[in-house]
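Heads up, the thing below is written out as structure tokens.
Just follow the structure's listing: the first ligand is 1, and inside any ligand the first atom is 1.
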Amino acid sequence: MQKIILDTDPGIDDAIAICYALNHPQLEVLALTTIYGNVATELATQNALRLCELNKHTVPVATGASLPLKIKPNPVADFVHGANGFGQIELPAPSLEPTSFSAAEMIVDTINKYPEEVTLVAVGPLTNLAIALELDPEIAQKVKEVVVMGGAFHRNGNVSEHAEANIWNDPHAAQQVFTADWPLVVHGLDVTYQISFSADYLEKIAAKSHNVGGFLREAAKFYSEFYKSQHNFDGCCPHDQLALTYLCHPEWYSLESGSLDVVTEGEAIGKTTIQSNENSNKSIATKVNREALLKEYTEVVSRAA
Ligand code: BDR
Ligand code: CA
């Protein structure tokens, strides 16, 4: 079993990723930590708890930062994920409660509890990771690996010509996470746009698991409308899932190693770059085995209650 902490802003593709993480036989989710982005942080926490209950899986949920480190906050992405984060599909209010620790404290404590065993996976803006690094810089040496969904290295962004949403929402935090001395793999739009969940595919997921798959199919309708109107294609991109599948099947991905950088001001704010270097402990994903990812996702969701 791989121990992970999943930092997330649920969000429909976050929900896709969380349902996978909670049902994968190789993953042990030690905590979900929440962040603003697709929705405000408080709602992200409620949504993370709702998804735990949907999956009949209790894990600690810790609330994260509500603002970026330095910039004025951008508006939440309700036009992509709906005002409730789940495409206006309502899950019952959770009876579980978040922990009293902050997300950053949870990250620091958990990595210190299991040195060299914990993979930190972040699929939202990187503020909590940057605060955790400030609280205890030694976690960089103790974490097993950091895996991030964010950035657009060899292509345009999705919120501006230059920037991808997670990085744009807190470029200063991203710059700290990208330059800290820890092993890091970043899944940017370069690889995440290689996968889409079509309406037919979402039907398959729903057929595998009425509860969890059925919820994902319904929530993804709103998200797919956004892709239809903005990109004129049928289906939606499960961006965050690319980081999760990587944990269990790194052999399905091609990587490029190098030092990473983030533009923190000006017109290109949020732009991410890589300078190739085979000896770097940082890399970006450039290619994924599409068929294998799609097939495995249905198998994992079919394990859901
Ligand atoms: C990223 O931004 C959010 O909208 C998604 O959940 C994903 O993490 C894609 O740019
Ligand atoms: Ca996300």
Side-chain angles (χ1 to χ4, degrees), residues 4-21 32-41 43-48 50-51 61 64-65 68 73-87 103 120-129 146-171 173-174 177 185-197 216 219-220 222-227 229-231 235-246 262 269-272 284-285 288:
I4 69 165
I5 301 170
L6 178 51
D7 190 73
T8 172
D9 59 334
I12 295 160
D13 60 327
D14 300 74
I16 290 171
I18 290 170
C19 292
Y20 174 95
L32 296 173
T33 54
T34 65
I35 191 67
Y36 62 86
N38 294 326
V39 292
T41 304
L43 181 53
T45 298
Q46 293 302 307
N47 283 351
R50 285 184 170 101
L51 290 168
V61 174
N74 295 314
V76 293
D78 53 1
F79 55 100
V80 185
H81 298 267
N84 74 348
F86 293 152
L120 182 52
V121 190
V123 298
L126 296 168
T127 320
N128 292 333
L129 275 65
V146 182
V147 178
V148 164
M149 187 280 129
F153 293 86
H154 299 302
R155 55 160 294 144
N156 286 357
N158 59 358
V159 287
S160 76
E161 181 192 337
H162 305 284
E164 179 280 330
N166 288 342
I167 306 302
W168 180 70
N169 276 324
D170 195 344
V177 170
V185 181
V186 180
H187 296 260
L189 301 179
D190 312 76
V191 71
T192 66
Y193 270 130
Q194 292 173 27
I195 303 284
S196 72
F197 281 8
L216 294 175
F222 187 101
Y223 192 40
S224 301
E225 278 303 314
F226 167 79
Y227 280 92
S229 63
Q230 295 293 307
H231 303 282
C236 58
C237 283
H239 299 282
D240 294 342
Q241 183 54 39
L242 276 285
L244 273 292
T245 301
Y246 176 78
V262 182
I269 189 166
K271 182 180 171 70
T272 51
I284 63 166
V288 63

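At a 4.0 Å heavy-atom cut-off, ligand 1 does not touch T192 at all. At a 4.0 Å heavy-atom cut-off, ligand 1 touches N158 through the side chain alone.
Atoms CZ and CG, from F222 and N84 in turn, are 8.5 Å apart once rounded to the nearest 0.5 Å. Taken from CG in N74 to OH in Y36, the straight-line distance is 8.5 Å, to the nearest 0.5 Å.
Across all their heavy atoms, D9 and I35 have their closest contact at CB-O, 3.1 Å. What you find for F153 and D190 is that their closest heavy atoms are N-OD1, 2.9 Å.
Side-chain atoms of T41 do not come within 3.5 Å of backbone N or O of G64 as any donor-acceptor pair. For the pair N128 (side chain) and T34 (backbone), a donor-acceptor distance under 3.5 Å is present. Checked by atom type and distance alone, the side chain of H187 never pairs as donor or acceptor with a backbone atom of A285 at under 3.5 Å. Side-chain N or O atoms of Y223 include one that pairs as donor or acceptor with a backbone N or O of C237 at under 3.5 Å. Formation of a donor-acceptor pair under 3.5 Å by the S229 side chain with backbone atoms of F226 is found in this model.
Nearest to atom 8 (O) of ligand 1 among the protein's heavy atoms is D240 OD1, 2.5 Å. In terms of protein heavy atoms, atom 6 (O) of ligand 1 is closest to D13 OD1, 2.5 Å. What sits closest to atom 3 (C) of ligand 1 on the protein, heavy atoms only, is N38 OD1, 3.2 Å. Closest protein heavy atom to atom 2 (O) of ligand 1: N166 OD1, 3.4 Å. For atom 10 (O) of ligand 1, the nearest protein heavy atom (residue, atom name, distance) is E164 OE2, 2.4 Å.
Those atoms of ligand 1 that come under 4.0 Å of a heavy atom in H81, given as number and element, are 4 (O). Atoms of ligand 1 lying under 4.0 Å from any heavy atom of D14, numbered from 1 in the order shown and given with element: 6 (O). Interface of M149 with ligand 1, defined as ligand atoms under 4.0 Å from a residue heavy atom, comprises 1 (C), 7 (C), 8 (O), 9 (C). Contact atoms of ligand 1 toward H239: 9 (C) (distance under 4.0 Å to a heavy atom of the residue).
Considering the Ca ion (ligand 2) as centre, the angle to OD2 of D14 and to O of V123 is 90° (10° rounding).
Here's the thing with V123: one of its N/O atoms is less than 3.5 angstrom from an N/O atom of ligand 1.
Between Y227 and H239, the ring planes are tilted. Angles from 30° to 60° get that label.
Of the residues N158, N169, N156, the one that meets the side-chain contact (heavy atoms from CB on, under 4.5 Å) test with E164 is N158.
Distance check for D9 against the Ca ion (ligand 2): an N/O/S atom falls below 3.0 Å. At a cut-off of 3.0 Å, A165 does not coordinate the Ca ion (ligand 2) through any N, O or S atom.
Nearest N/O/S atom of D240 with respect to the Ca ion (ligand 2) is recorded as OD2.
Taking 4.0 Å as the cut-off, V80 does not count as a neighbour of ligand 1 on heavy-atom distance.
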